[in-house]
Amino acid sequence: MNVLLKSATIIDSKSDFHNQTVDILIEKGVISKISKRINNTNDYREIHLDNLHVSQGWFDSSVSFGEPGFEERETISNGLKTAALSGFTAVAMNANTNPVLDSYADISFVISKGQNNAVSLYPIGALTNGSKGENLAELFDMKNAGAVAFYDYQKPIKDPNLMKIALQYADNFGGLICSFPQESKITGLGVVNENYTSTSLGLKGNPNLAEELQIVRDLFLLEYTGGKLHIPTISTAKSVSLIREAKKKKLDVSCSVAIHNLFFSDSVLEGFDTRYKVTPPLRTQEDIDALIEGLKDGTIDMVTSDHNPIDIEHKKVEFDYAEYGTIGLESAFGALNTVLSTKKAIDILTKGKNRFGIASKPIALGVKAELTLFNPKTTYTFTKAQIHSTSKNAIFNNVELKGSVYGIIANKKVVLK
C-alpha cells in the first residue's frame with residue numbers, strides 16, 4: 001500500500017511534527033517521508049482533503065458487536081467497517097455475545113474473524129464463566145489466546161471475595177481486571193438517575209451511591225491485593241474524586257467515561273425516549289462538569305463510545321422494558337470534539353492503548369502508518385445518514401456536532417468515506 005497525503009496537519013503531541021502542515025509519504029504501509037512538499041515521482045495514490053488533519057489512530061476501549069449470537073445487531077465485519085469510517089484503528093470488543101467469550105476457543109474465534117482488516121480487533125474475555133458472576137473464567141488461557149482484559153460487560157461482580165481472587169490471580173501474569181461500578185442491591189429496579197427528573201416522570205431511580213459504593217469496595221480490594229484494575233464508564237462527581245485520591249495513593253487503577261455521559265444530562269429524559277436509556281444512567285450537569293474536569297486533569301484515562309447495538313424490537317418499547325445501550329462509534333469524535341478542544345479530544349482518543357497492553361508510536365519516519373484522517377472544523381447535525389452500524393439506536397440522533405472523520409490508514413489499508 002503506497003499513498004501520498006497532501007497538506008495534512010499533524011495533531012500528535014508526542015511527534016516532532018506536531019501542529020505542522022506537511023505531506024506524508026507512506027510506502028508499503030510505513031511512513032517513509034514527511035516534508036513540506038513531496039513530489040509524487042512514483043505516481044502513487046494522492047489524497048487531497050479539505051482541512052485535512054492527521055493523528056495517531058484512535059482506540060476505543062469498549063465496543064460491543066453482536067457476533068457470535070446476535071448478528072442481527074452487528075457482525076464483526078460490519079462493526080469493524082463502522083469503526084474504520086468513524087476514525088478508529090483499534091477497538092477492544094466486549095464479551096457480551098452468545099455464547100459469552102469465556103474460553104481460549106472463543107477468543108481465538110473472534111481474533112480470526114477480525115483478521116485482514118484495517119481495524120485491529122482486541123477481544124476482552126469474560127471475567128467469570130458465562131458472565132454469571134459465580135466462578136472465574138479461564139483468564140490465563142484467554143490471555144494466551146489474545147484477550148487484552150477481563151470484564152463481565154455491565155454486570156457488577158457481587159461477591160467481593162471473587163473480585164479479590166481475580167485481582168490476585170491476574171496479577172501473576174499482568175492481566176487487567178475490569179469491574180463495572182454498580183452495587184445492584186442499591187440500584188434495585190432503577191432505570192434512570194435518581195433525581196428530580198426520575199420523580200417527576202415516575203421512573204425508578206438509580207442513585208449515584210450505587211456506583212460510588214462499588215468503586216470504594218473495589219479500590220479497597222485493589223489496595224489489599226495489588227494488581228491492575230480498570231473501572232469502565234464512571235458517571236458521577238464523587239466517582240471522579242474517589243479515583244483521583246486512589247491515584248494519589250499510587251494504586252494501579254484506570255477508568256473511562258462514556259461519551260454520552262459527558263454530553264447529556266438526565267433532563268433529556270422528559271420525552272421518555274428510549275435512546276437515552278443507558279447504563280450507567282445519564283446524570284446531572286454537576287456530574288458532567290466533574291467528569292470533564294477529571295478528563296482535563298488526567299484522573300479519567302480514556303473516553304469510550306460504549307458502542308452497543310440494540311435491535312429495534314428491544315428499543316421501541318415502554319421505557320421500563322427497553323434494553324440499555326446506544327451505538328456511538330459514528331458520533332464519537334464529533335461529540336467529544338464539541339465538549340473538549342480538538343487537541344484534548346485527540347489526546348484522549350489516542351492514549352488508551354497502553355493500558356490494554358497495545359503498543360503505540362508517535363507519527364515519525366520509519367513507523368508503521370496507523371493514522372486517523374479528520375476535519376475538526378466542520379459542524380453538522382448527526383442523522384441516520386451518518387450511521388453505518390446495522391442497528392440505529394443512536395443517542396446522538398438529530399444533535400449538532402463539531403468535527404467529521406474522513407477515515408483511516410492502517411494495516412496497509414486505506415478506508416475513506
Side-chain angles (χ1 to χ4, degrees), residues 14 55-65 76 79-80 83 86-97 101-102 104 106-108 110-111 114-115 117 119-127 137 139-154 166-167 169-181 218 222 226-234 243 247 251-259 295 298-308 328-329 332 346-362 368 370 372 408 410-411:
K14 294 179 178 160
S55 72
Q56 290 185 47
W58 304 341
F59 170 66
D60 194 329
S61 61
S62 176
V63 302
S64 299
F65 299 146
I76 289 174
L80 293 178
S86 304
F88 294 90
T89 61
V91 295
M93 176 181 157
N94 292 307
N96 56 329
T97 52
L101 307 179
D102 63 0
Y104 185 102
D106 294 331
I107 298 299
S108 298
V110 167
I111 289 176
Q115 286 181 342
N117 204 289
V119 179
S120 298
L121 177 63
Y122 298 96
I124 296 174
L127 183 57
L139 307 187
F140 186 61
D141 281 355
M142 288 192 286
K143 174 79 169 180
N144 289 337
V148 294
F150 308 100
Y151 177 33
D152 289 349
Y153 179 67
Q154 294 189 344
L167 286 165
Y169 176 60
D171 191 31
N172 291 310
F173 55 86
L176 179 63
I177 299 297
C178 306
S179 177
F180 185 59
D218 288 344
L222 180 65
K228 295 195 295 187
L229 176 66
H230 179 67
I231 302 175
T233 58
I234 67 171
I243 293 168
K247 287 189 171 188
L251 296 185
D252 195 351
V253 60
S254 58
C255 66
S256 68
V257 59
I259 291 176
L295 280 170
T299 299
I300 300 176
D301 302 271
M302 59 198 84
V303 170
T304 172
S305 69
D306 208 21
H307 182 83
N308 188 10
L329 283 168
I346 298 304
D347 178 58
I348 290 166
L349 288 168
T350 56
K351 76 173 187 176
K353 289 182 182 178
N354 291 339
R355 183 58 173 171
F356 286 78
I358 304 167
S360 64
K361 292 183 178 180
K368 184 176 72 171
E370 190 171 327
T372 298
I408 65 170
N411 292 331

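These numbers were taken from a predicted model, which means no experiment stands behind them. Keep in mind that the numbers below use all heavy atoms, side chains included, and drop hydrogens, waters and symmetry copies.
- Here the side chain of N144 pairs no donor or acceptor atom with the backbone of D141 at under 3.5 angstrom.
- Looking at K14, its side chain never comes within 3.5 Å of a backbone N or O of K361 through a donor-acceptor pair.
- Here the closest non-hydrogen pair linking G328 and H307 is N-ND1, 3.0 Å.
- The two residues S108 and A145 have their closest heavy-atom pair at OG-CB, 3.9 Å.
- With hydrogens and angles disregarded, no donor-acceptor distance shorter than 3.5 Å links the side chain of S86 to the backbone of F88.
- Contact of the S62 side chain with the P232 side chain is not registered, since no non-hydrogen atoms from C-beta on lie closer than 4.5 Å.
- The side-chain contact (heavy atoms from CB on, under 4.5 Å) test with V119 is passed by exactly one of N411, V91, T89: V91.
- Annotation: side-chain hydrogen bond (donor to acceptor under 3.5 Å, both in side chains) contacts of Q56 (sequence neighbours excluded): D12.
- The only member of N94, T97, D306 that meets side-chain hydrogen bond (donor to acceptor under 3.5 Å, both in side chains) when paired with S64 is N94.
- The ring of F59 has its center no closer than 6.0 angstrom to the ring center of Y122.
- K353 and D60 are not joined by a salt bridge, as no carboxylate oxygen comes within less than 4.0 angstrom of a charged side-chain nitrogen.
- Taking the six-membered ring where the residue is Trp, F180 and Y151 present tilted rings, their angle falling between 30° and 60°.
- Of the charged side-chain nitrogens involved, at least one lies within less than 4.0 Å of a carboxylate oxygen, so that K247 and D301 count as a salt-bridged pair.
- Checking side-chain atoms of D106 against main-chain N and O of D102 turns up a donor-acceptor pair under 3.5 Å.
- Considering T233, I348, L295 in turn, L295 is the only one that fulfils the side-chain contact (heavy atoms from CB on, under 4.5 Å) rule with V257.
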